[in-house]
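In what follows, a structure is listed as structure tokens, so that the remarks can point back to it.
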Amino acid sequence: MPRILIVEDEAIIRSALKRLLERHDYTVSEAGNAEEACQLELTGFDLIISDLRLPGEPGTSLIAAAAPVPVLIMTSYASMRSAVDALKQGAVDYVAKPFDHAELLETVERILHKQSMQQSPPPDITDAGGGRQTMIGNCVAMQQVYTRIRKTAPADVTVLILGESGTGKELVARAIHQQSKRAKAPLISVNCAAIPETLIESELFGHEKGAFTGASAARTGLVEAADGGTLFLDEIGELPLDAQARLLRVLQEGEIRKIGSVETRHVNVRLIAATHRDLRALSKTGEFRLDLYYRLNVMQIELPPLREREEDVLEIADILLDKACKRHERTGLRLSRAARQDLRDYPWPGNVRELENALERGVILAEGHLIHPDDLGLTPTPARPHSPSASTSVLSGGVDKTAEENEDDLSLEDYFQHFVLEHQDQMSETELAQKLGISRKNLWERRQRLGIPRKKTARRPG
């Protein structure tokens, strides 16, 4: 339960605020002034709510004393000057008294949520070759993934990871295993889509000698090999129904029986499953067992596609480019401005895996010190306009790199601005985003960057 300290000299306000927060499951402590507050262990709180004007030291004096705990300032003087001064000194936000209860609670919840996100750095992972790597990305969606990994890993429950191909589901599974109590035990990874349907039961559960034609020796299955550790089943939506029934037995009873055997064995396995398919929809068509879906869906982690992580794309690209340069001994290569713009605007249907392949191509094909758009080999999309001259030069192979960079940079921004201004009276924000092939968030960010106000609000840019 989050711990909040209220610093307020007026007892009536302090008591009312304490009752309000306690009704919403916060643990609340009180102090009448800054000196009294400093006698407490300030860093033990998750949030400090302090009046600006206090007897003795002002409430802003607690900002440095309590760091890194956020301080929310209350002020009866709702002038912009006092609010700005408090924020400049490091206050996380301010509320004006008398404050609306719902608004105050929303502010508190937002600050605490943001604080919890910041406490979830990307997990370090040891890859299959023994090297260290870190998950990349600091967008809100990835912060939520890191938080879910941190909370889920020690719980030893079954986890279902959802996400498109190439979003890094196996990395998440590896991170969960390595932060769990089973970290010293094996992690066995199985791609259910890569094993022929006739062999998958034998691979997972093992078989006895002579159980079927070609079974010349007994074999231990991968489920048994993961005993005491973690079994990661990637693309579990491709698992045949017979194998699903056997897997359900493992989850329900902790038992396996080899093909051709009459004996059962107990196993202690934590299961992590991943899929890019809708298992609930598959259960309605009879392709996936509904009872198995419910067994798998204890804890769910959903990975965002790369097209929804626009602020992370270039950071990921720089790290992957550095690795590709080292592999191919092409040190000093960097992305041109136009190439970086292309990477930012491309929708990435293949996600991080497609980005990695594009950079690999760029490193191999680049002739100078810069990687240009044509080196990346990205397939043009409807959302990305090209002028006829630029398209002709690319197809003919006679590309003037400098001219292409300038033309690309101008045409993308220019096209966006003209399209939005021309159509925003007839289209909603959702329709505009769909026509441009970008998300609503992306549309909003570009409006801010280019100073294009929404027609309905007619706000002045800046």
Side-chain angles (χ1 to χ4, degrees), residues 1-11 13-76 82-97 99 101 103-124 134-135 137-140 142-155 175 178-181:
M1 215 182 294
R3 295 189 63 211
I4 298 177
L5 172 64
I6 300 170
V7 186
E8 166 63 65
D9 58 318
E10 298 213 19
I13 296 176
R14 195 169 66 235
S15 299
L17 187 52
K18 180 180 180 182
R19 287 196 302 272
L20 173 66
L21 293 170
E22 285 180 339
R23 282 201 305 271
H24 289 81
D25 298 325
Y26 295 111
T27 301
V28 182
S29 300
E30 304 173 67
N33 52 55
E35 289 79 7
E36 187 180 329
C38 287
Q39 294 174 11
L40 305 173
E41 185 61 46
L42 294 179
T43 55
F45 294 97
D46 298 291
L47 173 65
I48 295 172
I49 303 175
S50 174
D51 192 15
L52 177 63
R53 304 222 171 191
L54 294 168
E57 293 291 323
T60 49
S61 66
L62 294 170
I63 295 170
V69 178
V71 177
L72 174 64
I73 292 295
M74 299 183 292
T75 174
S76 302
S82 63
V84 169
D85 286 346
L87 294 174
K88 281 182 178 178
Q89 292 180 61
V92 68
D93 207 340
Y94 80 99
V95 290
K97 295 189 294 186
F99 42 76
H101 285 189
E103 185 178 348
L104 176 69
L105 289 169
E106 185 180 337
T107 302
V108 168
E109 185 179 353
R110 173 174 49 78
I111 293 169
L112 291 173
H113 179 69
K114 185 176 180 181
Q115 190 76 355
S116 70
M117 292 293 100
Q118 292 172 345
Q119 292 170 357
S120 296
D124 285 329
T134 302
M135 295 184 72
N138 294 298
C139 67
V140 174
M142 288 307 294
Q143 289 289 339
Q144 292 171 348
V145 170
Y146 304 149
T147 300
R148 189 61 65 91
I149 290 172
R150 176 175 57 83
K151 292 181 176 181
T152 301
Q178 292 178 3
Q179 293 185 27
S180 74
K181 299 170 186 175

If I compare all heavy atoms of [X] with all of [Y], which pair ends up nearest, and what's the gap?
{"X": "Ala155", "Y": "Lys151", "value": "CB-O, 4.2 Å"}
{"X": "Pro70", "Y": "Leu47", "value": "O-CD1, 3.4 Å"}
{"X": "Leu40", "Y": "Glu30", "value": "CD1-O, 4.3 Å"}
{"X": "Gly137", "Y": "Tyr146", "value": "O-OH, 2.7 Å"}
{"X": "Pro58", "Y": "Ser61", "value": "O-OG, 2.7 Å"}
{"X": "Ala66", "Y": "Ile48", "value": "CB-CD1, 3.4 Å"}

Using side chain to side chain contact (heavy atoms under 4.5 Å, CB included), reason through Leu104 and Leu17 one step at a time and then give a plain yes or no. CA-CA 10 Å; Leu104 176 69; Leu17 187 52; 3.1 Å; yes
What verdict does the side chain to side chain contact (heavy atoms under 4.5 Å, CB included) test give for Ile49 and Met74, after you've listed the backbone C-alpha separation in whole Å, the side-chain angles of each residue and the deciding distance to 0.1 Å? CA-CA 7 Å; Ile49 303 175; Met74 299 183 292; 3.8 Å; yes
Mind running side chain to side chain contact (heavy atoms under 4.5 Å, CB included) on Ile63 and Val92 for me, showing each step along the way? CA-CA 9 Å; Ile63 295 170; Val92 68; over 6 Å; no
With a sphere of 6.0 Å drawn around CD of Glu22, does it hold more than 12 non-hydrogen atoms of other residues, nucleotides or ligands? yes
Counting only heavy atoms from other residues, nucleotides and ligands, does the tally under 6.0 Å from CD of Glu35 exceed 12? yes
Taking only Lys NZ, Arg NE, NH1 and NH2, and the carboxylate oxygens of Asp or Glu, determine whether Lys97 and Glu8 approach each other closer than 4.0 Å. yes
Rounded to the nearest 0.5 Å, the OG atom of Ser50 sits from the CG atom of Asp9 at a distance of 9.0 Å
Using modelled atom types only, decide if a donor and an acceptor are shared between the side chain of [X] and the backbone of [Y] within a distance under 3.5 Å.
{"X": "Arg3", "Y": "Gly44", "value": "yes"}
{"X": "Asp93", "Y": "Leu72", "value": "no"}
{"X": "Asp51", "Y": "Leu54", "value": "no"}
{"X": "Tyr26", "Y": "Leu20", "value": "no"}

Applying side chain to side chain contact (heavy atoms under 4.5 Å, CB included) to Leu62 and Cys38, what does each step give before you reach the verdict? CA-CA 8 Å; Leu62 294 170; Cys38 287; 3.9 Å; yes
Do [X] and [Y] come within less than 4.5 Å of each other through their side chains, counting heavy atoms only?
{"X": "Asp46", "Y": "Ile4", "result": "no"}
{"X": "Ile73", "Y": "Leu52", "result": "yes"}
{"X": "Leu5", "Y": "Val69", "result": "no"}
{"X": "Leu21", "Y": "Ile6", "result": "yes"}

